[in-house]
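Quick note on labels: first sequence line is chain A, next is B, and so on, each numbered from 1.
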Protein chains: 2
Amino acid sequence: MLAPLLAHIARYVSLTAAEAELLEAYVVPHTLERRAHLLREGEVCTATYFVVSGCLRTYFLTEKGVEHTLQFAIENWWLTDYASLDAHAPSAFFLQAVEPTWVLVLEQRGQEELFGRVPQLERYFRLVLQRGAAAAQHRVKLLYSLSGEARYRQFASLFPAFVQRVPQYMLASYLGFTPEFLSKIRARMGE
Amino acid sequence: MLAPLLAHIARYVSLTAAEAELLEAYVVPHTLERRAHLLREGEVCTATYFVVSGCLRTYFLTEKGVEHTLQFAIENWWLTDYASLDAHAPSAFFLQAVEPTWVLVLEQRGQEELFGRVPQLERYFRLVLQRGAAAAQHRVKLLYSLSGEARYRQFASLFPAFVQRVPQYMLASYLGFTPEFLSKIRARMGE
DNA sequence: CGCGTTTCTTGAACTAGTTCAAGAGGTGGC
DNA sequence: GCCACCTCTTGAACTAGTTCAAGAAACGCG
């Protein structure tokens, strides 16, 4: 069942029925329980993951053992550790399911071959990465231009449902502050 | 003279002589004076820029008129505003030459056509974007895991020459603090 | 349902980094 | 070679956000 991926691809490029079928041979569905890991610090990342439903996150641990969430990926997002994937180097990150999640796994190994057979996919991934680059620029701009409280307000108004869905401490570190501070912001906003 | 670009491309994919010549028709060299702009806030970004020599940066202005540097691009880096480029939307950013800079300009208009004729370039740009994604993850990790002073120390030890090259206030905002604070860090380190 | 773990709250003491302002240095352009 | 303008420094007062600790609530699993 990779219909959601095909639908996403169709937004960017068109594949023939034969090409879509080819893709099927390279993509493996996988279900994850809440809190299950796809990658741990020190392991080499070998695949790229497409979220069909649920939610993944990238995080790392500070020396003091505090988790910091770098990215969330919900429906229709790709997630991986590009540095580790590229260099076949041990990762500095963890990839984890925030809630029960259904992913499609595209292994790096076969990817070259697949792109050789279906060049439109090379284009699709370029466009996906380009969108990711835009999102990263936007993210850093927000981190720099708004106060912690303003960042939370904006995030909460853009993604009200998502704020309910993830534990507050994951969201706090994603927004760049402590869980205690987020709790205090909420208390302030409540009155 | 696009030899430096061809050399960079060769690190990722191989082009035939004919393909390299084709590329030449789509890439226009351009020289920039110190402080010259390639893009201003509100304008639509229509091209991607490859730095042959010199240095570009992306920055934005806060409501108070303070500049915040988001990215630097030195030799062999591509720079653009992907959000504006993609959506043909007004940019939130400025692209500026930090010092006298020589760039190659690849206009968005012809790009599709070029990639159709030279599919290896589609691949090249995917790989460049992938490297950019890795750098962005690393950047956010640094912002979250180190104190301001530690960020400066690390940056200065990694790129000692670069620290001399750019005005301190650009570097301060890139590292996520004020120029005054950077000045104080330096004073502390001096003794 | 009920127990154990995970998550959230609250308060007090603290500190990293900001803000504002004024002066001192540099340096590039003519 | 000089002036104007950029850029950097310094200090004092301040504040946004942290840290630590302890209790309260919520949740998910059996």
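If you take CD of Gln164(B) and P of dT7(D), they are 16 Å apart, rounded to a whole angstrom. In this structure, the CG atom of Leu182(A) is 8 Å from the P atom of dT9(C), given to the nearest Å. When the P atom of dC27(D) is taken as reference, atom CE of Met170(A) falls 15 Å away, rounded to whole Å. Rounding to whole angstrom units, CZ of residue Arg186(B) and P of dG25(C) are separated by 17 Å. Taking atom CG on Leu146(A) and atom P on dG17(D), their separation rounds to 11 Å, with Å as the unit. Distance, Leu143(A) CG to dA16(D) P: 18 Å, rounded to whole Å. The interatomic distance linking Phe181(A) (CZ) with dA12(C) (P) rounds to 17 Å, in whole Å. As a whole-Å value, the separation of Glu180(A) CD from dA12(C) C1' is 13 Å.
Judged by atom type and distance alone, Lys184(A) reaches the base of dT19(D) through a side-chain donor-acceptor pair under 3.5 Å.
Ring geometry for Phe155(A) versus Phe159(A): interplanar angle of 30 to 60°, hence tilted.
We find that Glu67(B) and Arg57(B) are joined by a salt bridge, their nearest charged nitrogen and carboxylate oxygen being less than 4.0 Å apart.
For Arg35(A) and dC27(D), the shortest distance from a side-chain N or O to OP1 or OP2 is not below 4.0 Å. The phosphate of dT18(C) (OP1 or OP2) has a side-chain N or O of Thr178(B) nearer than 4.0 angstrom.
You'll find that the side chain of Ala187(B) is closest to dT10(D), out of dG17(D), dT10(D), dG17(C). Residue Ser183(B) has its side chain nearest to dC8(D) when only dG17(C), dT18(D), dC8(D) are considered.
When each of Arg34(B) and Gln168(A) is assigned the nucleotide of DNA chain C with its nearest heavy atom, Gln168(A) is the one assigned upstream, toward the 5' end.
Cation-pi geometry between Arg151(A) and Phe177(A) is not met at under 6.0 angstrom from the ring centre and within 45 degrees of the axis.
A ring-centre distance under 6.0 Å is not found for Phe93(A) and Tyr59(A). Taking the six-membered ring for Trp, Phe125(B) and Phe115(B) have ring centres closer than 6.0 Å.
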